[in-house]
Every structure is written in structure tokens, then in C-alpha cells.
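Every number for a ligand or one of its atoms is a count from 1 in the order of the listing.
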Amino acid sequence: MKAVALLAPETVEVVDDRPEPACGPDEVVVAVHGVGLCGSDLAVVSGHRPVPALPWVLGHEAFGVVVAAGERVADRFPGQRVVVEPNYPCLRCAPCRTGATAGCRNRRAAGISEPGLLAERVAVPARFTWPVPDGWDDTDVVCVEPFTVALNAVRMSGLAPGDRCLVVGAGSQGLLVSVAVTHAGGVPFVVEPHPGRRALARELGAEDASEPPSGTTFPVVIETSGAPEAFERALERTSPGGSLIAVGQGGRPARLSTFTLVQRRLTLRGCLIYDHPADFPRTIATLAEHDLHPGRVLRERFELAEAPAAFARAARIAGKTWISLPRTEENAS
Ligand SMILES: [Zn+2]
Ligand SMILES: [Zn+2]
């Protein structure tokens, strides 16, 4: 079976030697139709985010069709179109018992701590697959996972209808956050050094805040880049009494004076992924009710054989990149 694997830092290859996944009693096997690429995949490829072993199967933003269901699975069946929720909390530890599963101490993550989903077929826990309508466009379905992150960040920000919101960074996550801000009734402004990404953000309805009149601040700021310089600028542009939500993650420290924090009465909050089981079905219901089409943030689609080029392009281009796989489930055992 084919999969896309990291062989060494910066070396991505399509391999054809993966064993067929075995379906555990509580699992389903999904024939993967598409996988979106995001910053965390690129951090794995560059070696900044170490993985347990090499070669390592990449990818986590996957959708496809169920081709087999384990003996204890009653509510998923072959033929069902699903997206995968690629973070598997233990559901037993203290954070999990409160419903805050993003804080699970034993959380497993596809493509990071578990083998990734960029393979022809994958076995995943059935309860971490979510049915989506057959009629939805692939481009919207492939964005369900990162759009869940975006909706969650906006919900946690406390944004109220009419609020101006500064989105720092217009990579794929920043673009999806802008779409989520508009959906929540806010007015998104984007700051982003890449001219193409800035143009795409404008196309999606955000205003350009790169050259603001000095002193312009925002009651809600959502930082998606993880770069410390961007975080410092984001802090300066948060209104007194406002909230700065950090979504982007970087290893280098940013400078923050307690004087600024206290004098300006800022709320600073880190926002990590989403919680199980609440958030995926909520995203799917939101997409069913509203014409949001998060797939608008996609710009380039690659075939499986072109996966190395997809990873190389994803780091440079404006808009989100994804890989589509041949639909071979009728041949699968
Ligand atoms: Zn992602
Ligand atoms: Zn847990």
C-alpha cells in the first residue's frame, strides 16, 4: 500500500511498502480521499517537531470513506464518508473527565505521535471519525479539522458581534480564523508579511492591517504565526482591556513585560486544537447551516505521486495546499 513518508528531515517520499492496516475491534479502516497540509506537518518535515521514528507516515487532516468496521463498532459502516478527528485523547484523565480533552496528558496525535493519515488506507478509532454529507465538496471537507481549530479559537476569544479582530498571520490557519471571525459577526483585519497571503485574505473578506494608522488597537487579537516578533506586535495592538489569543506555536521566546500586561489589563490565552466529542460535530453542523465554504482557503491540489512537491510548495505559497488520493476502495479487501 502507498503512503507518504518522511525518510529524513526535508526528505519526503511516496513509499509503496506499507502493510494494509488491520482493523481493531473499535476501529474503522478509512480509504483516504484527501489530506490537507498545515504548519505542524511542515514542522515535522523540517525536523523542528521530532517524531518517534523514521521513516514516518505524514499527515493528519484527512477525509475519506469507511471500507471496514471493527466488530464492536455499531455506528459507522462501509460506504460512509467521514472526516478524521486526528487527536485521540485518553478520555480517562482529569482534563478529559471535565471535557477539556485538548489538555489530555495522554493525547495521541496522528502524524505527530502516531503514524500519519497520508496513506491509501488507515485504521483509526471509530469514535474519532465523523460522518459528513456525500454532497459536500472535497475542498470543504478537507478543511473541517483546521476550521474546527479556527472556530474554537474565535469562540474562546470572547469576540462579540461587531468587534474588530486582528488576525496575525494569513497562513492557512490565519485565513480560516478570518472566515470564522466573519461567521461570528466580527470584522477581521489581517497583518501578514507575504503579499500573496495578504491578497488572499482580502479576497476572503478581511481588511489589510499591515500599514495601520499608528496606535490602532483591537479588542480581540488572534496570533496564528507563532513567531515571537509577531506575538510582540500582536501584544502592542491589543486594546486596553482586550484579549490576545495565541494559536500559533513557536519555540523561541517572546518578550512580554508584566508592566504592559497589568497596566493595559490584557487577557492572554493559549488556545490548543479542540475538544472531543463536542467540537467536530459542532463544526459539521455549522457548515451544514451556513454557506461558509472553508475550502475557499485552498489554492493548490496535488496528486499522491506529487506529494514531495506539495510539501515544498506548502511552505511558500499563499493559501492552503492539499493532496488528493486515487479512489481505489472498490479494489481494497
Ligand atoms: Zn493541521
Ligand atoms: Zn486524557
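When rounded to 10 degrees, the angle formed at the Zn ion (ligand 2) by SG (Cys93) and SG (Cys96) equals 110°.
When the Zn ion (ligand 1) is compared with the N/O/S atoms of Glu61, atom OE2 turns out nearest. Shortest distance from the Zn ion (ligand 1) to His60 is reached at NE2 (N/O/S atoms only).
A cation-pi geometry, defined here as NZ or CZ lying under 6.0 Å from the six-membered ring centre and within 45° of its normal, does not hold between Arg108 and Tyr88. Stacking of Arg313 on the aromatic ring of Phe302 is not recorded, the 6.0 Å distance cut-off and the 45° axial limit not both being met.
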Should Arg81 and Asp138 be marked as a salt bridge (charged side-chain N to carboxylate O under 4.0 Å, His left out) after you check the CA-CA gap, both sets of side-chain angles, and the distance that decides it?
CA-CA 11 Å; Arg81 190 186 201 200; Asp138 286 351; 2.6 Å; yes
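Taking the six-membered ring for Trp and thresholds of 30 and 60 degrees, His183 and His290 have ring planes more than 60 degrees apart, a perpendicular arrangement.
Within the 2.8 Å limit, Asp41 places no N, O or S atom next to the Zn ion (ligand 1).
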